[in-house]
Amino acid sequence: MPAPEPLSPDVAKLLDALASGSTALLQRRFWSNGVNQLLARLGEASGVSRVWVFQLLERSPDGILQDYVFEWAAAPRYRQLTQRRFRFFTTIIDDSEYADMVARRQQGSAHSCIVSQLPAGSVRSNLESQQIRSMVTVPIMVNGQWWGTLGFDDYEREIDWPGPGLQALVVAAELIASTIYRHQLSSRKRQVALLERVAGCGAWEVDPNSQATWCSSVLMNALGYPADYATLPLRRLLAHVLPDDRRHLWERLRQGFSSGQSNCRHDVRLKTLMGDVRWYELVIEAHLAEDGRLLGLAGLMIDISQRKQGEVLANVAAEMDELTGVFNRRGMRRRLTELSERCSLGRHFLLLLDIDYFKQINDLYGHPAGDALLVDLAKRLQAQLRPDDCLIRMGGEEFAVIAAELNDGQALALGERLRRSIAEDSFMLAPLEEPSGNIQDNRVRVSMTVSVGIASVSTPECLDMKQALHHQEDIRHCQAMAVAQADQALYAAKEAGRNQVFAYWERINAPESD
């Protein structure tokens with residue numbers, strides 16, 4: 001008995017199915033539901049037994065790993081999606097017909113066949129075992145890559161697909177591919193939004209050749225623009241970076257690119273349209289050509305304002321004396337360095353103050369009482385200083401003052417004022433606890449005096465040019481000299497009977513005693 005004549009699909013019905021199926025793809029919230037709707041429309045229009053989609057998971061020269069992800073069946077007996085053998089199944093390429101089919105799919109070409117006309121081999125045996133009489137497959141290409149396969153199986157008819165009918169199926173595969181691509185973009189968009197929300201960052205990309213820029217909606221909002229703002233010209237985007245930080249950024253990038261470095265991190269301050277300034281960590285990934293040319297830049301802007309605030313607080317804490325709340329030696333070094341680098345200022349001075357016979361106070365009243373007196377003394381000294389003067393606890397009972405824009409006479413007057421503020425008014429201790437644990441009702445009045453040594457702090461500009469070649473070393477040298485000279489003056493004040501103010505320049509200019 002001769003085989004029946006091959007039938008051709010109804011193209012008009014297929015076109016109607018494409019129209020209604022594409023609408024379903026666009027309107028469905030979940031793209032997979034839209035694909036199922038499209039397959040159902042195509043299946044009903046073509047009258048085939050089954051419409052399916054395999055997703056390609058892995059390719060190798062010997063076989064391909066796929067998964068059965070979508071299916072429409074005209075009747076329950078045609079359904080295969082629920083069969084375990086089609087879950088993550090591997091097909092071995094052991095047949096020239098199948099090798100040609102795989103090659104066509106990789107190239108984006110459709111393939112149709114009538115099973116009875118296939119040469120003997122594994123492809124024909126496999127289709128006949130499923131009682132399939134005709135089949136057509138169209139690759140689903142996403143971003144130019146074979147993502148999966150759209151297939152039509154018919155158990156009852158030998159359908160001849162080439163021609164307008166096959167073109168309709170190609171359009172259907174392209175519709176599915178565009179839906180997958182939109183889903184991938186939407187997923188990436190959600191991932192970027194989640195990353196930005198969790199990490200407090202915004203994404204950006206720059207084409208250095210065209211100077212085109214792209215900023216995520218979060219970054220746009222951070223800069224003060226509407227989230228859907230069209231685009232920021234590169235010049236305007238860079239203008240949000242404060243000038244000093246922009247200059248340092250360019251230097252960092254030039255150094256990195258010249259050494260072949262393709263990524264870096266750099267902290268910058270961004271100024272919004274409203275004038276607010278916040279710290280951001282700029283994460284930069286550069287795309288470089290083989291010859292070192294810059295092809296593109298992309299990365300993240302991570303809000304680090306809280307971190308910077310924490311760093312500032314940590315630095316402040318590291319420069320403060322825990323007991324008295326005034327600066328410590330580290331704070332003194334920073335203040336002296338700042339003054340040394342501000343050449344427009346007049347002379348500045350270092351005053352060292354040491355409490356006379358403080359050990360006797362500790363021995364008599366105990367160390368807690370001594371600590372309380374140190375706190376009160378620091379408050380009293382601070383009250384005698386100008387806002388820009390700096391009070392430092394050097395350690396133990398020794399304090400220092402840095403005062404700028406004074407002359408010799410004013411520095412001596414300041415030292416004398418500080419000495420009198422301590423000597424002329426005694427300190428009151430809070431009620432003390434007796435060994436028995438009882439609290440005394442009476443408060444204790446304690447008298448103290450301080451000895452003061454004063455030295456002028458030189459700057460590198462005051463040194464000869466040969467020494468000024470090493471600026472930072474010169475600054476440290478000036479600081480060390482000032483401390484040493486003030487200490488000598490303090491020692492002289494102690495030797496003269498304590499409760500005295502001595503200046504180093506007076507000591508070195510004083511006539512030698514007989």
Side-chain angles (χ1 to χ4, degrees), residues 326-327 329 331-333 335-359 377-378 380-425 447-464 467-468 474-514:
V326 301
F327 285 103
R329 285 179 176 268
M332 180 189 74
R333 288 193 294 269
R335 178 60 175 163
L336 284 173
T337 300
E338 289 176 352
L339 291 175
S340 298
E341 292 176 344
R342 291 162 62 183
C343 307
S344 60
L345 288 177
R347 296 172 62 202
H348 47 284
F349 294 82
L350 174 67
L351 294 78
L352 290 184
L353 302 84
D354 188 82
I355 302 176
D356 299 326
Y357 303 112
F358 189 69
K359 183 178 184 302
L377 181 139
R380 191 174 295 185
L381 291 175
Q382 193 77 65
Q384 299 297 323
L385 299 177
R386 300 170 301 174
D388 289 339
D389 294 336
C390 181
L391 178 62
I392 304 109
R393 185 185 178 202
M394 302 291 286
E397 65 272 21
E398 189 176 29
F399 288 79
V401 172
I402 299 173
E405 299 186 85
L406 300 178
N407 56 37
D408 291 352
Q410 290 170 327
L412 280 167
L414 173 60
E416 185 62 28
R417 188 167 67 250
L418 295 174
R419 184 197 66 78
R420 288 198 308 268
S421 71
I422 304 301
E424 295 178 356
D425 192 4
S447 295
M448 290 191 299
T449 62
V450 295
S451 299
V452 182
I454 308 174
S456 175
V457 183
S458 301
T459 64
E461 289 71 21
C462 301
L463 304 173
D464 60 57
Q467 289 176 307
D474 290 341
I475 289 177
R476 288 191 291 270
H477 175 73
C478 291
Q479 295 173 3
M481 287 293 294
V483 172
Q485 291 172 0
D487 193 59
Q488 290 183 35
L490 175 61
Y491 179 77
K494 294 282 189 182
E495 286 291 302
R498 292 177 169 79
N499 194 24
Q500 304 281 331
V501 177
F502 271 56
Y504 176 77
W505 61 86
E506 291 182 332
R507 174 174 171 77
I508 62 175
N509 293 327
E512 294 184 6
S513 58
D514 294 334

Audit row: Leu350, Gln479, side-chain contact (heavy atoms from CB on, under 4.5 Å) steps and yes/no: CA-CA 9 Å; Leu350 174 67; Gln479 295 173 3; over 6 Å; no

Where Ala489 and Ala503 come nearest, the two heavy atoms and their spacing: CB-C, 4.0 Å

Nearest non-hydrogen partners of Ala411 and Trp505, listed with the distance: CB-CH2, 4.3 Å

Glu398 side chain vs Gly395 backbone, donor-acceptor pair below 3.5 Å: no

Criterion side-chain contact (heavy atoms from CB on, under 4.5 Å) on Leu381 and Val401, from CA distance to verdict: CA-CA 9 Å; Leu381 291 175; Val401 172; 5.8 Å; no

From CG (Leu353) to CG (Leu391), nearest 0.5 Å: 8.0 Å

From CG (Asp388) to CD (Glu405), nearest 0.5 Å: 8.0 Å

Least distance between heavy atoms, Phe502 atom then Ala496 atom: CZ-CB, 3.7 Å

Rounded distance [0.5 Å steps], CZ in Phe399 versus CD in Gln382: 10.5 Å

Gap separating the CD1 atom of Ile454 from the CG atom of Asp408, nearest 0.5 angstrom: 9.5 Å

Nearest-0.5 Å distance, CG of residue Leu414 to CZ of residue Arg386: 7.5 Å

side-chain contact (heavy atoms from CB on, under 4.5 Å) between Arg419 and Thr449, intermediate numbers included: CA-CA 7 Å; Arg419 184 197 66 78; Thr449 62; over 6 Å; no

Over all atoms of both residues, closest heavy-atom pair of Val326 and Ile392: CG2-C, 4.1 Å

Min side-chain heavy-atom separation Met332-Met394 under 4.5 Å: yes

Flag if over 12 foreign heavy atoms under 6.0 Å of CZ, Phe358: yes

Closest contact, heavy atoms only, Leu352 versus Ala400: CD2-CB, 3.7 Å

Lys/Arg-Asp/Glu bridge criterion (N-O < 4.0 Å) met for Lys494, Asp356: yes

Closest contact, heavy atoms only, Ala482 versus Ala455: O-CB, 3.6 Å

Verdict with reasoning, Arg380 to Leu377, per side-chain contact (heavy atoms from CB on, under 4.5 Å): CA-CA 5 Å; Arg380 191 174 295 185; Leu377 181 139; 5.7 Å; no

Donor-acceptor under 3.5 Å (Arg347 side chain, Asn407 main chain): no

Atom pair CG (Leu490) and CD (Gln500), whose distance is rounded to the nearest 0.5 Å: 11.5 Å

Check: Arg393 side chain, Gly396 main-chain N or O, donor-acceptor pair, under 3.5 Å: yes

Under 3.5 Å: donor-acceptor pair, side chain of Ser451, backbone of Asn499: yes

Geometric cation-pi criterion Arg498 and Tyr357, 6.0 Å radius, 45° cone: yes

